[in-house]
Amino acid sequence: MPELPEVETVCRSLAPRIEGRRIERFLVRNGSLRWPIDPQLPARLAGATLGTLHRRAKYILIESDAGRLLIHLGMSGSLRVLRSPEPPGKHDHYDLELDDGSVVRFNDPRRFGSLTWIAPDRESHPLLDGLGIEPLDSGFDGGWLYRATRGRRTAIKLFLMDARRIAGIGNIYANEALFHSGIHPRTAATRVGHGRCEKLVTAVKSTLARALEAGGSSLRDFVDTTGACGHFQLEYRVYGRDGEECTRCGGSVRVIRQGQRSTFYCPGCQR
DNA sequence: CTTTTGACCTGACAGC
DNA sequence: TGCTGTCAGGTCAAAA
């Protein structure tokens, strides 16, 4: 579930509920996530006051006077804010109990998510170092993409998804953006010229922005309730539509494998 | 350095 | 019904 727009939505929804709140108790039920949760973490953060939230790629950063929390939702993670107590489920791995009685609860069946900590005296974190440009930043433009792809023979779709180049474009958005820009996902990155770089950047930005709108609207109370997805999936042109009719040319959407992930595209529209 | 592959996990679903 | 295999929104680490 957590794509970049969804992580952004979670941040926006979470921020007003937790900024300025104090952590009364930090309860870890199962610390074996992608990386084990530091056993010292609950003690270090008990009593801390939470500050501003930020998103970097698909990471959620939460400032506090005892250091920063770095949260990743992985493939199946979600965060909810509970207003009244509720018995924890099988995959509810940790709770942040806040001073207003609410509980921030992390659920993640596959446990690909993570919770790490950046000490107050540390500038950054190894997981954040080396992340590429944010796709919604103004610096990410056609010229940037053109320069960055010169000499790169990897497929353009894999390039889009390489976090050390561009941070936060997931499988869905790579597929959708390539469809909207008419580029075949297997095209060598270095063979995408000026014009198509411009087009691709525009497609990436508009697809993400559109999904943020869609996610934002139906995810407004995401952290309060069920963790249901937004409705951007209703706008998928190729993702998950293997064998279905292309909405643009009427041809058949195809699926191939790239980097052990499924790539969906329209052979008629994408060259 | 770049590119590819394996690994981490559970759950849902298709096919037998 | 139950078994087996495949796939899933991510991404790091190791191998090639």
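Being a predicted model, the structure only gives us computed values, none of them experimental. In what follows, every chain begins at residue 1, and chains take the letters A, B, ... in the order their sequences are listed.
In this structure, the CG atom of A/L33 is 15 Å from the C1' atom of C/dT11, given to the nearest Å. When rounded to the nearest whole Å, the span between NE2 of A/H91 and P of C/dA8 equals 20 Å. The interatomic distance linking A/R55 (CZ) with C/dG10 (P) rounds to 13 Å, in whole Å. The CE atom of A/M161 sits 11 Å away from the P atom of C/dA8 (whole-angstrom rounding). A/E3 has its CD atom 13 Å from the P atom of C/dA8, to the nearest Å. Here C/dT11 presents its P atom at 14 Å from CG of A/L160, a figure rounded to the nearest Å. What separates CG of A/L127 from P of C/dG10 is a distance of 16 Å, to the nearest Å. One can place CZ of A/R150 at 21 Å from P of B/dC1, the figure rounded to the nearest angstrom.
The shortest distance between side-chain heavy atoms of A/R150 and A/T190 falls below 4.5 Å. Residues A/R83 and A/D100 meet the side-chain proximity criterion, which asks for heavy atoms closer than 4.5 Å.
Using cut-offs of 30° and 60° for the angle between ring planes, the A/Y239 and A/F264 rings count as perpendicular. Between A/Y59 and A/H72, the angle of the ring planes goes over 60°, which puts this pair in the perpendicular group of the 30/60° scheme.
Around the CZ atom of A/R29, the shell of radius 6.0 Å holds more than 12 heavy atoms that belong to other residues, nucleotides or ligands.
Spacing between B/dC9 and C/dC3 at atom P, rounded to whole Å, works out to 23 Å.
Taking only side-chain nitrogens and oxygens, A/R152 never comes nearer than 4.0 Å to OP1 or OP2 of B/dC1. Using a 4.0 Å cut-off, some side-chain N or O of A/Y59 falls inside it from OP1 or OP2 of C/dC12. For C/dC12, the OP1/OP2 oxygens have a side-chain nitrogen or oxygen of A/R164 closer than 4.0 Å. Taking 4.0 angstrom as the limit, A/K90 places a side-chain polar atom (N or O) nearer than this to OP1 or OP2 of B/dG11. At C/dT11, one or more side-chain N or O atoms of A/K58 fall inside 4.0 Å of OP1 or OP2 (strictly under the cut-off). Between A/S262 and C/dA8 there is a side-chain N or O to OP1 or OP2 distance below 4.0 Å. Contact between the side-chain N/O atoms of A/R257 and the OP1/OP2 oxygens of C/dC7 is not found at any separation under 4.0 Å. Taking 4.0 angstrom as the limit, A/R111 places a side-chain polar atom (N or O) nearer than this to OP1 or OP2 of B/dT10. Within the 4.0 Å cut-off from OP1 or OP2 of C/dC12, not a single side-chain nitrogen or oxygen of A/H72 is found.
Nearest to the side-chain atoms of A/Q260 among the listed nucleotides B/dG11, B/dG6, C/dG9 stands B/dG6. Here B/dT3 is the nucleotide among B/dT4, B/dT3, B/dT2 with the atom lying nearest to any side-chain atom of A/R153. Side chain of A/R110, nearest nucleotide from B/dG11, B/dC9, C/dT11: B/dC9.
If you check C/dA13 for Watson-Crick or wobble pairing at under 3.5 angstrom, you find it paired to B/dT5.
Residue A/A155 is the one, among A/R34 and A/A155, whose nearest nucleotide of DNA chain B lies closer to the 5' end (criterion: closest heavy atom).
Centre separation under 5.5 Å together with a plane angle under 30° holds for the ring of A/F112 and the six-membered base ring of B/dC8, marking them as stacked.
Side-chain N or O atoms of A/R152 include none that pairs as donor or acceptor with a backbone N or O of A/A148 at under 3.5 Å.
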